[in-house]
Student: 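This structure is in structure tokens; I'll ask about it shortly.
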Amino acid sequence: MPTTNGLDAGLVPGATDAELYDWLADMVLIRVFEETADGLALRGRIPGGMHPAIGQEAVAVGIARALRADDVVAGTHRSHHHALAKQLPPAAVLAELYGKATGTNGGRGGSMHLADFDLGLWGTNGIVGAGLGIALGAALGASVRCTDQVAVGLFGDGGANTGRVWEFVNLAAIWRLPLIVACENNLYAVETASKSVTGGNSIAERAAAFGMPAQQVDGQDIVEVHRAVRAAADRARAGDGPTFLEFLTYRYKGHNSGEVIRYRTEDEVTQWRTSRDPVERFSALLTNSGVLTPEDLTRIADDARAVVDAAVAFAEESPWPDPSTAAENVSAWSNRDGSVR
Amino acid sequence: MPTTNGLDAGLVPGATDAELYDWLADMVLIRVFEETADGLALRGRIPGGMHPAIGQEAVAVGIARALRADDVVAGTHRSHHHALAKQLPPAAVLAELYGKATGTNGGRGGSMHLADFDLGLWGTNGIVGAGLGIALGAALGASVRCTDQVAVGLFGDGGANTGRVWEFVNLAAIWRLPLIVACENNLYAVETASKSVTGGNSIAERAAAFGMPAQQVDGQDIVEVHRAVRAAADRARAGDGPTFLEFLTYRYKGHNSGEVIRYRTEDEVTQWRTSRDPVERFSALLTNSGVLTPEDLTRIADDARAVVDAAVAFAEESPWPDPSTAAENVSAWSNRDGSVR
Amino acid sequence: MSSATEPRPKAVATYSTAFQEGMREEMDRDPTVFVLGTDIYDRGGHFSQVKGLGERFGHERIRDTPISEAAMVASGVGAALNGTRPVVDLNFLDFAFGAMDELVNQAAKIRYMWGRPVPLVVRATAGVAQGGAQHNNSLQAWLMNTPGLAVVFPSRPWDVKGLIKSALRGSDPVVFMMHKLLTGARGPVGGPDELVPIGSARIARPGSDVTVITYGYGVVVADDAATALAGEGIQVEVIDLRTLAPLDVTTLVEAVKRTGRALVLDEAPALSGPAAEIATTLSDHAFWYLDQPVVRLTAAHSPIPHSPPLVDGLLPNVGQVIDAVRRLALARGPSQSSVS
Amino acid sequence: MSSATEPRPKAVATYSTAFQEGMREEMDRDPTVFVLGTDIYDRGGHFSQVKGLGERFGHERIRDTPISEAAMVASGVGAALNGTRPVVDLNFLDFAFGAMDELVNQAAKIRYMWGRPVPLVVRATAGVAQGGAQHNNSLQAWLMNTPGLAVVFPSRPWDVKGLIKSALRGSDPVVFMMHKLLTGARGPVGGPDELVPIGSARIARPGSDVTVITYGYGVVVADDAATALAGEGIQVEVIDLRTLAPLDVTTLVEAVKRTGRALVLDEAPALSGPAAEIATTLSDHAFWYLDQPVVRLTAAHSPIPHSPPLVDGLLPNVGQVIDAVRRLALARGPSQSSVS
Ligand SMILES: Cc1ncc(C[n+]2csc(CCOP(=O)(O)OP(=O)(O)O)c2C)c(N)n1
Ligand SMILES: Cc1ncc(C[n+]2csc(CCOP(=O)(O)OP(=O)(O)O)c2C)c(N)n1
Ligand SMILES: [Mg+2]
Ligand SMILES: [Mg+2]
């Protein structure tokens, strides 16, 4: 653990060195988790496969670390990074991906439907744009109950072309809800280049036209992400309404595990990986500024590896849920026989 | 009929005096039709009532007169003015409102679902925003078949808060479809003031952010409406894609016939009626410039009255449709018994 | 059915003011209940269903929205998860098309996926009346076929009030349909704590010859037919389902075991409509008690037209109910036509 | 059924390539046919259903869209009205929630309201498999309950090809569902003009004891069960509906009149699902021929979970079909439990 103090040194205002260590550790954990899970998916261990978020770690951790634990994050189909950043236990997440009884949701959710409300993850979501709607509602609930909770709703560049997203943005704007609208623009929706299907100059400009302060943020720089989200959260808590943040980021892997990629060049991927990798950049920042030592980096990597290995063992060994429970807990409304049908 | 030539005089470039006469005649016809139909609705002659468009005549006529007969207009729930501007026979329209067999759609449509495809009215529409979708598709069809047809899709300020409208706008923008997106901003959606529920500076600005040339147009000035639509239609036909026009207009009556109005002041209504009335303004322009004489105005008013009176007689006297036909023509798909069930 | 809580002569309300009353009492009782919808603060909704509540509870709790059905339901879902009890007023049920993912893929599934209740009420004016094809969709079967949703469709003020109260004290999503043609119907209503349980049908009219099962405006049609048939000596039992999901199987089955003859009356489109479920439920549980096949009397499988005579031509009416019940009451064994 | 056009040994394809083939032939034949959807030009769709068509027909006719389901269907509706034959590929059926108004309030009603045909095909991957609650909605009953829509759900390559051809030569909207689990299923396909009529069921397997009525992947399950039961001497007839709307009532009714015993097998949620319609149709038309009540064997009324054993726990499987058919075949009169 480093001894210099980033807070005093002003490296990242408002964050202690210990916190900066944790930020990096979270990013590395996500990286290792996703690399591992992707491999497991390719080997058929994850029913239905998954959407890896490798390359997008800074967005998730930068957001989560700028929030309070009781703040809400609602994710997308590509959201393991959000779940882990919100401190869901990697073992329980992986077990959920496997469909095991010990998963975060007992195997009922799966990769696209992870949730832990106590930890503020209000669901990752299989429907493009839908997570933002849940966050919108969470912000409305906070506003009606007069708490000072903030909600973050995530969606991608592809989601920016769904109508629902703009209904959500408008409602948040006119009601000045404590919402952060967070677009992870990773340039592609499945195989479709965002620029080929997205009219206008930028997604952020659309949001501005709906009356919400909006900006683009370098999503590969966790310090920038954190700064933007913290400012937005402060505005929200002060009653000054929602903010739109468009994070420019990149997914290194295909849309889903095993996807054959022909819609972008290897060059493009290499460019992002080598010059803008969020883990590398933040590692370099912290070591160059003396916040972390090379040994810290090693320890972080080792810890991540150990945690993920343990998660794999846990997921592999965990029991399957009981099939006879499959139709339970659909609704508390029941008819005279007590059956919900 | 006037003898001066507005075309040569340059009063309205591209329009002859005879055409300008027709424009005014159409507007006056709409005004008389709507006043009359509104009264009939209050007397219970129009099942389900109607949404009068009095005050919005210039938008409808300005649009229709800037188009070719084979161009497409798809309307809204408040669309008698669009239907009449597209030259649907007033008698058949009123008979449709009555639900008579002689109506434009045999009584199956009603006030919110008028259509005459041969005349280019591709439906007025009971669902906010939906007409724009049909126009979008018509424009796509024109593009796929390489015709030089143009389609106009209408919606209101209220419709600007439905997500579907922005999906439609985006798709038209990226595909550069021959579409004119026409928003009739009459300041209210039912009782709701547009500004209280619509984030951002203007609806046109939203459209611009989706990559479509967009402007606000004085919807009470038919010459301005016509000019803007003509320019947009020319662009569309030239393959230069869609245009967004936000027409600033006003409805004098309530949302639906008989609505008690408490959400705006009498003053506001008087302001619009006295200083910006589209019929008055255009009448004044034409008479001041010598295109029309006072006798022309009288003739136009008398003709409109006569046409509408005849329409009322026709609607009143027309037979009801045969109830036994009610379930016919639902689908041409049929099962082995020939029944569609 | 819940004959124990049947109406005693009490406060009288309309179908619409019964909703207002139920809402007002629950909003007084529970500060987390709020309403959002278009034109509700001042106008009180298009059917006056929340008239007067704006002034009483203010803009925070009677919230006017833009025309954004997806955002309305989504914000209701999220707010329900965050400690409140939203009532999303969709105005017409037809506008739910714009919020189907929010209702079906989110609200209805969250308890199942994530173990969290979503105490959301979606209120909508429903049923067939004037307004044409696009404002008269009968989505009852769709919503019944959606696991996770309760679907209620009361026919009288008492049940409107009692059911909205149950909905607002429960924990899971309820779609609350109110029939256009019943808006002004008058009748007694219960007090602040007289609830009508969701999932309970009621015997609207006792009778021993034929059971007519229906809901919403169908109860009025069935009752008129039953009155006429009583004059011929045919005693018709009318069951008002009140709740379509979950179905009160026990009440239905017990009734049909008594009469052996059942007609299901429904104004939804025929193919795969609610009537099919009810008929099949009877076959599942009471096949051997059926003296005759269950008769479905539904709307034709068609959109709803504008013209009143065409609307009438599509919908089952009192005369048709009378004819069908009479045939059913008199039938003995298979008829020639039904076995040919 | 259309036994006259039954497959002769011919070109063999998969369920998915049969769709490609049918599309390719129809697009060659008719220049107004085009496809729009997400990721279709290069990827050929998520289930390779239009693989290779991009190169052949170009970007104008294999059009990649943004994720805008409402715009996709709306533009299909308008284009269909304007002299073209669009195929809107929704990817998963679940995404139809975002386009419900466009599909139900527009596409399905325009012929009725305005007298204009809407020759639109909406293709969607459907059925229950992996993917969790939000990607496994069974909307069959919803769509059947929507007047104006034809709903097809083939179970084998022959019907995929023959039905897409019929859809593209008809005049009204067709929702074309393809089951996830059948993507790679192999079988013969017909030639360029061998159409399968929409609205016709087929006898997938003849048998005299019990009729099992199903569609989509259910045909595979039913056939497996039938094979096992044949070993016990129980001859099961399997009917593959192929089209859910309009229903081929004649084929169903004739079959059940022969066997007197019917089981409806369906993976859609139980309450108000397609099975209810089928059972009621049999009761409407063949009540007096039924030796036993029609049995519904459906999925539980529940969302679909992620975990494979939980999915299996919800869905009807071969073993359950065997048990239920065996009980049905052996039953004589009312059982004790069903009359108590
Ligand atoms: C409403 C809806 N339409 C389509 C899909 C299928 N789908 C899943 S992810 C995806 C691409 C999303 O792209 P983007 O929003 O950019 O997120 P990314 O995958 O890049 O993280 C699509 C089309 C869906 N899940 N929901
Ligand atoms: C999707 C949908 N939601 C709600 C309605 C009910 N409704 C009909 S007209 C209307 C107001 C529309 O306002 P605007 O778009 O400004 O048009 P205007 O009435 O002013 O012409 C509303 C809410 C509807 N028809 N469709
Ligand atoms: Mg993306
Ligand atoms: Mg308006």
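Side-chain atoms are counted along with the backbone in the values below, which use heavy atoms only and exclude waters and symmetry mates. Chain A is the first sequence line, chain B the second, and so forth, proteins listed ahead of strands; every chain is numbered from 1. Since we're looking at a predicted model, the values are computed, not measured.
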Student: Can you tell me which of A:Ile127, A:Leu171, A:Ile174, A:Asp116 forms the most heavy-atom pairs within a distance under 4.5 Å of chain C?
Tutor: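 If we count pairs closer than 4.5 Å to chain C, A:Ile127 comes out on top.
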Student: Can a salt bridge be assigned to the pair A:Asp148 and A:Arg68 using a cut-off of 4.0 Å between side-chain N and carboxylate O?
Tutor: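 Judged by the 4.0 Å cut-off on N to carboxylate O distance, A:Asp148 and A:Arg68 do form a salt bridge.
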Student: Does any heavy atom of chain A fall under 4.5 Å from the side chain of C:Arg116, the backbone, both, or neither of them?
Tutor: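 Contact with chain A: side chain only.
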Student: Report the option among A:Val169, A:Val165, A:Leu140, A:Asn105 that has the most heavy-atom pairs separated by less than 4.5 Å from atoms of chain C.
Tutor: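 Max contact count across the listed options: A:Leu140.
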Student: List the steps and the verdict of side-chain contact (heavy atoms from CB on, under 4.5 Å) for C:Met23 and C:Ile164.
Tutor: CA-CA 7 Å; C:Met23 285 301 305; C:Ile164 187 61; 3.8 Å; yes
Student: Taking every heavy-atom pair that is under 4.5 Å apart, which of A:Trp175, A:Phe168, A:Trp166 has the most such pairs with chain C?
Tutor: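 Heavy-atom pair counts peak at A:Trp175.
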Student: Is a side-chain donor-acceptor pair under 3.5 Å present for A:His80 with A:Ser111?
Tutor: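 Side chains of A:Ser111 and A:His80: pair found under 3.5 Å.
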Student: Do A:His255 and A:Arg78 pair up side chain to side chain, a donor and an acceptor below 3.5 Å, judged on atom types alone?
Tutor: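 Looking only at side-chain atoms, A:Arg78 and A:His255 do form a donor-acceptor pair, the distance falling under 3.5 Å.
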Student: Counting only non-hydrogen atoms closer than 4.5 Å, does C:Asp64 touch chain A with its backbone (N, CA, C, O), its side chain (CB onward), both, or neither?
Tutor: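 Just its backbone gets close to chain A.
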Student: Before giving the answer on side-chain contact (heavy atoms from CB on, under 4.5 Å), spell out for C:Phe97 and C:Leu139 the whole-Å C-alpha distance, their side-chain angles and the decisive distance to 0.1 Å.
Tutor: CA-CA 10 Å; C:Phe97 288 134; C:Leu139 301 185; 3.9 Å; yes
Student: At a heavy-atom distance under 4.5 Å, which candidate from C:Ala71, C:Gly98, C:Ala74, C:Ala99 has the highest pair count against chain A?
Tutor: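 When all of C:Ala71, C:Gly98, C:Ala74, C:Ala99 are compared, C:Ala71 has the most.
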Student: Could you have a look at A:Thr104, A:Leu136, A:Leu132 and say which one has the most heavy-atom pairs with chain C under 4.5 angstrom?
Tutor: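 Top count of heavy-atom pairs under 4.5 Å with chain C: A:Leu136.
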Student: So which part of A:Asn170 gets closer than 4.5 Å to some heavy atom of chain C, the side chain, the backbone, both or neither?
Tutor: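 A:Asn170 touches chain C through side-chain heavy atoms alone.
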Student: Using a cut-off of under 4.5 Å for heavy-atom pairs, which of C:Val77, C:Leu36, C:Asp101 has the most such pairs with chain A?
Tutor: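 Result: the option with the highest number of such pairs is C:Asp101.
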Student: Highest number of heavy-atom pairs under 4.5 Å with chain C: which of A:Gly107, A:Ala115, A:Gly106, A:Gly110?
Tutor: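 The candidate making the most pairs under 4.5 Å is A:Ala115.
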Student: Give a yes-or-no answer on whether the side chains of C:Arg258 and C:Thr211 include a donor-acceptor pair shorter than 3.5 Å.
Tutor: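 Distance-only check fails for C:Arg258 and C:Thr211.
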Student: Can you tell me which portion of C:Leu149 sits under 4.5 Å from chain A's heavy atoms? Options are side chain, backbone, both or neither.
Tutor: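 Contact with chain A is absent: no heavy atom of C:Leu149 under 4.5 Å.
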Student: Return the option, out of C:Ile67, C:Thr84, C:Val73, with the maximum number of heavy-atom pairs under 4.5 Å with chain A.
Tutor: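 If we count pairs closer than 4.5 Å to chain A, C:Thr84 comes out on top.
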Student: At a 4.5 Å cut-off on heavy atoms, which part of A:Gln149 comes close to chain C: side chain, backbone, both, or neither?
Tutor: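 Looking at A:Gln149, just its side chain touches chain C.
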Student: Is it true that the side chains of A:Thr124 and A:Ser79 contain a donor and an acceptor less than 3.5 Å apart?
Tutor: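 On atom types as modelled, these side chains do not qualify, holding no pair under 3.5 Å.
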Student: Under a 4.5 Å heavy-atom cut-off, does chain A meet the side chain of C:Pro173, its backbone, both or neither?
Tutor: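 Only the backbone of C:Pro173 comes within 4.5 Å of chain A.
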Student: Of A:Ile63, A:Val72, A:Thr243, which meets side chain to side chain contact (heavy atoms under 4.5 Å, CB included) against A:Val152?
Tutor: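 Result for side chain to side chain contact (heavy atoms under 4.5 Å, CB included) with A:Val152: A:Ile63.
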Student: Under a 3.5 Å cutoff, is there a donor and acceptor pairing between the side chains of A:Arg145 and C:Thr32?
Tutor: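 Note: A:Arg145 and C:Thr32 side chains miss the donor-acceptor criterion.
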Student: Which residue out of C:Gln106, C:Arg61, C:Glu69, C:Arg63 racks up the most heavy-atom pairs below 4.5 Å with chain A?
Tutor: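 Among C:Gln106, C:Arg61, C:Glu69, C:Arg63, the one with the most close pairs to chain A is C:Arg63.
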Student: Would you call C:Lys165 and C:Glu194 a salt bridge, using N to O less than 4.0 angstrom?
Tutor: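 Salt bridge absent between C:Lys165 and C:Glu194.
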